[in-house]
Each structure stands twice: as structure tokens, then as C-alpha cells.
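To start, the structure itself, in C-alpha cells.
Chain letters run A, B, ... following the sequence lines, proteins first, then strands; residues in each count from 1.
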Number of protein chains: 2
Amino acid sequence: MTYAGGMTSHTLYWSSNSCSLASHLVMQHVGADFNAVRVNFAKAEQRSPQYLALNPKGRVPVLVTPRGILTETPAILHYVAQLHPQAGLAPLDDPFALAQLQAFNSYLCSTVHVHHAHRVRGERWSDDPAVVEALKIKVTQNMHDSFAYIEQAYLQTGPYVMGEALSTGDFYLFTLSTWLAGDGVDIRTLPKAYAHQQRMLQLPAVQQVVALHATPVA
Amino acid sequence: MTYAGGMTSHTLYWSSNSCSLASHLVMQHVGADFNAVRVNFAKAEQRSPQYLALNPKGRVPVLVTPRGILTETPAILHYVAQLHPQAGLAPLDDPFALAQLQAFNSYLCSTVHVHHAHRVRGERWSDDPAVVEALKIKVTQNMHDSFAYIEQAYLQTGPYVMGEALSTGDFYLFTLSTWLAGDGVDIRTLPKAYAHQQRMLQLPAVQQVVALHATPVA
């Protein structure tokens with residue numbers, strides 16, 4: 001089932017410096033008609049009763065659809081790709097290629113994002129402030145090693161993660177690449193990841209949404 | 001593109017007490033014809049040169065297909081569901097329902113599996129043995145809270161994660177539920193999760209593969 005109006009009547013909840021950027025980028029790139037609502041993490045709006053009623057997990061992204069809410073970046077990315085097949089952002093009719101793309105997105109959410117979270121969300125895994133602080137130490141190495149693996153496994157043969165075809169994985173990878181500087185990794189030491197980031201920055205949708213996310217909270 | 005012979009000529013690499021159980025269960029349940037190869041983590045076979053040549057990430061599951069290897073549980077589960085549509089383990093033609101299922105599987109890999117890993121794989125995030133030890137403390141609470149959330153969000157209205165329809169998410173949830181005892185959570189304190197686990201144990205494929213995974217390594 002799809003919607004005659006594309007993504008009109010969809011609302012994306014996003015916050016700066018979060019993985020919600022990936023969903024926002026993909027929705028902008030496919031030309032979806034949607035509402036975007038900023039969530040101010042500095043004011044802990046994601047822990048407000050209203051927001052927790054929307055998403056008990058207290059995280060972004062949330063995509064409100066006519067049939068209910070969706071969460072989790074890999075799921076939202078695939079949903080947008082399915083609703084906008086003409087954009088070609090996922091090999092929908094090729095189970096092997098689709099599984100390769102989903103494996104990539106799953107690696108980003110379950111391994112790379114988690115490495116980064118040990119610098120900024122260590123309290124998820126320990127209530128001891130000294131341990132939370134200690135968890136920041138290995139983040140630089142882990143993020144570097146993950147991106148080095150991605151360079152080796154995905155960025156050797158073409159300009160994009162899936163080779164010649166731009167896919168949801170490219171927007172997701174770009175999103176996590178914007179965290180490298182804060183995590184202590186100079187992306188210029190990873191030439192293929194750097195070239196990929198610069199290539200993505202040429203896309204109008206990326207320029208528009210990155211600029212929006214960089215604006216100060218009112 | 002699918003394969004005329006279903007999954008003949010596919011090989012799944014698995015190890016006991018790992019998330020590879022989910023892929024193994026789903027492949028057995030759909031009646032796939034495949035080879036299964038055990039990887040002995042106690043002997044660190046996943047770090048052997050031969051295995052790293054197969055999967056540089058040094059993890060299970062790995063599914064060897066005629067077109068190359070696939071990794072990451074959510075991707076393999078969806079691939080098997082696509083190759084065996086008659087099994088009905090994913091709502092392939094309903095983007096919203098599919099996204100709900102993928103959001104569930106993504107939550108399991110990026111949040112619940114990660115919580116568990118802080119008891120058994122803490123060295124991923126710290127080289128300090130004292131920190132690795134300290135990371136075990138919050139695992140019981142995190143696993144309990146995650147399963148309580150799953151009960152509330154997914155197990156209220158029907159026997160399965162997606163309601164009335166058995167899906168890949170049920171086999172994945174069952175897999176992670178087998179870790180609860182080791183993580184210090186008595187699943188009987190979570191009545192809906194416990195009922196789900198017991199319901200899954202009625203399936204012949206679950207009984208067969210669980211028995212295989214429980215056999216001692218030769």
C-alpha cells in the first residue's frame with residue numbers, strides 16, 4: 001500500500017547532530033512533500049511527556065505517517081525509497097543487492113553509530129561518571145577503524161556505497177561522516193571517505209538540509 | 001533477481017549463543033535447502049585468516065550466496081523472506097507494515113543486542129579491564145527495560161510482534177530472549193515476552209535449530 005499523495009501528510013521529527021539527518025536528507029532528495037519539526041535536545045524536548053507519547057524511546061528520527069509512526073533510520077530510509085521508486089535509492093527488485101544495501105545500513109546503525117554514542121551517550125551503558133568518561137577514550141580509534149573498513153569494503157569500485165548507483169546508504173554514510181571531527185578523526189586521513197563526503201555535499205538536497213540543521217535553535 | 005533453486009548453494013556460518021541463531025531459525029522455518037557451517041568462537045575461529053578472508057568483520061552470521069556474501073542479521077532475514085515469499089515472514093508489498101517490521105529488527109540490532117554485548121564484548125569499547133568489567137553492571141537493567149518496552153509496544157495485541165502474522169521479527173526476538181538468563185533477567189517476570197518465547201518453542205524449526213546450537217562443539 002502506498003499513498004496517492006506521496007509523503008504529503010507525513011511529518012519528520014529531527015534534531016541537529018543526530019542520525020535524523022539521514023532521513024531528512026533522503027526525503028528532501030526524493031522531492032517528498034512533508035513537514036519537518038525540530039526537536040531541541042539541549043532543552044531535553046525528547047524527554048517531554050508530549051514527545052514520549054509520540055515515541056516512548058525518546059529519540060529521533062520519528063516519521064509520522066497516515067497509518068502511525070515509524071522510527072529507526074534504516075526502516076525509514078527503506079520506506080522512503082519504496083514510496084519514491086522513481087528516485088532509485090534502493091534496488092527494490094533485486095533481493096541480493098537490496099540485502100547488501102540493508103547490511104550496510106544495519107552496520108552503520110548497530111556498529112558505527114554505537115561507537116560514536118560512546119562519546120556522547122555513555123550514560124546508556126553505565127551510571128558511573130568515571131566509566132562514562134572512560135568510554136570516550138576508544139571512540140576515535142573505533143570510528144577511524146569503521147570508516148577504514150567502509151573504504152575498503154564499499155568505496156573501492158565506484159563513487160557510491162553501492163558502486164555506480166546513489167542509494168540511501170550514501171546519505172546515511174554522509175550523516176555519520178559529519179560526526180568524525182567531533183570524534184577526533186580527521187576525515188582527510190581517509191581519502192575515499194573524504195571524497196565521498198565532498199561528493200555528497202554537491203547535491204542540492206544535502207546543501208539545503210545541512211544548512212537547516214546548522215542553524216541555531218531559536 | 002531470485003534463484004530458481006531457492007537457497008540451494010547457500011551456506012550459513014553460525015556459532016552458538018550468537019545472533020546467527022535468528023538467520024538459522026528463519027532459514028529452517030521456510031524450508032530452505034542450505035548448508036550450515038559452525039564457527040567455534042571458543043577457539044577464536046572467527047579471527048582465523050580463512051574466516052577473515054570471508055568476512056573481514058570477524059563476526060557471524062555470514063550467508064554465502066551465489067553472488068557473494070551477506071552479513072548483518074536484519075539484512076539476511078529480509079533476504080530470506082524475499083526469496084521465500086510463500087512463507088509470509090515479511091509484509092513485502094506493504095511499505096508501512098514492512099517499515100514497522102524493519103524498525104523492530106533495527107531496534108533489536110542497534111539497541112538490544114548492543115546492551116547484551118556490554119556484558120560479553122565490552123572490549124569493543126574499552127581497552128581498560130576495569131571499565132570492561134564495569135560495563136557489565138547495567139546490562140540486567142537495560143535488557144529488562146528493552147524487553148519491557150517490547151512487551152508494551154509490540155506484544156499487546158496479538159501472539160506475534162506484528163500482531164497476528166508470524167514474521168522474521170519473532171525469530172529475532174526469540175534469539176535475543178535466549179540471552180536474558182545470562183544477562184540476569186528472569187524472563188518469567190516479563191509475562192508477554194515469556195509467552196512469546198514459549199510460543200516460538202512450539203515451532204518444529206525452532207526446536208530443531210535450538211537443539212543443534214546447544215550441542216557441544218566437537
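- Looking at Y149(B), the atoms closer than 4.5 Å to chain A (heavy atoms on both sides) all sit in the side chain, from C-beta outward.
- Between H78(B) and H78(A), the two ring planes are perpendicular [angle over 60°; tilted spans 30° to 60°].
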Passes side chain to side chain contact (heavy atoms under 4.5 Å, CB included), D94(A) versus R67(B)? Steps please.
CA-CA 11 Å; D94(A) 181 337; R67(B) 289 172 64 191; 2.8 Å; yes

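- For chain A, no part of Q152(B) is nearby; none of its heavy atoms comes within less than 4.5 Å.
- With rounding to the nearest 0.5 angstrom, the CD atom of Q100(A) is 9.5 Å from the OG1 atom of T71(B).
- The heavy-atom pair separating A103(B) from A75(A) by the smallest distance is N-CB, 3.4 Å.
- For L101(B), no part lies near chain A; criterion is any non-hydrogen pair under 4.5 Å.
- By number of non-hydrogen pairs under 4.5 angstrom with chain A, the leading residue of I137(B), D127(B), L63(B) is D127(B).
- A donor-acceptor contact shorter than 3.5 Å links the side chain of N142(B) to the backbone of R124(A).
- In terms of non-hydrogen atom pairs under 4.5 Å with chain B, the most contact-rich of P74(A), S126(A), S106(A) is S106(A).
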Counting only pairs under 3.5 Å, give me each side-chain donor-acceptor contact of residues 154-168 of chain B, with atom names and distances, residues two or more places apart or in other chains.
{"unit_1": "Q156(B)", "atom_1": "NE2", "unit_2": "E151(B)", "atom_2": "O", "d": "2.8"}
{"unit_1": "S167(B)", "atom_1": "OG", "unit_2": "G169(B)", "atom_2": "N", "d": "3.2"}
{"unit_1": "T168(B)", "atom_1": "OG1", "unit_2": "N105(B)", "atom_2": "ND2", "d": "3.3"}

Would you please test H113(B) and V114(A) for side chain to side chain contact (heavy atoms under 4.5 Å, CB included) and show each step?
CA-CA 11 Å; H113(B) 187 151; V114(A) 170; over 6 Å; no

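- Using a 4.5 Å cut-off between heavy atoms, R119(B) makes no contact with chain A at all.
- In this pair, Y79(A) and F96(B) present their aromatic rings perpendicular. The plane angle is above 60°, beyond the 30 to 60° band.
- Looking at L108(B), neither its backbone nor its side chain comes within 4.5 Å of chain A, counting heavy atoms on both sides.
- Counting heavy-atom pairs closer than 4.5 Å to chain A, the top-ranked of the candidates A81(B), A130(B), G68(B), A134(B) is G68(B).
- Within a 6.0 Å sphere centred on CG of N17(B), heavy atoms belonging to other residues, nucleotides or ligands number 12 at most.
- Remark: S110(A) OG to E72(B) CD distance equals 4.5 Å, nearest 0.5 Å.
- A 4.5 Å side-chain heavy-atom check between K138(B) and V131(A) finds every atom pair outside the cut-off.
- Residue contact with chain B, scored on non-hydrogen atoms closer than 4.5 Å, is absent for E133(A).
- Here L70(B) is the residue among L70(B), T73(B), D128(B), I76(B) with the most heavy-atom pairs under 4.5 Å with chain A.
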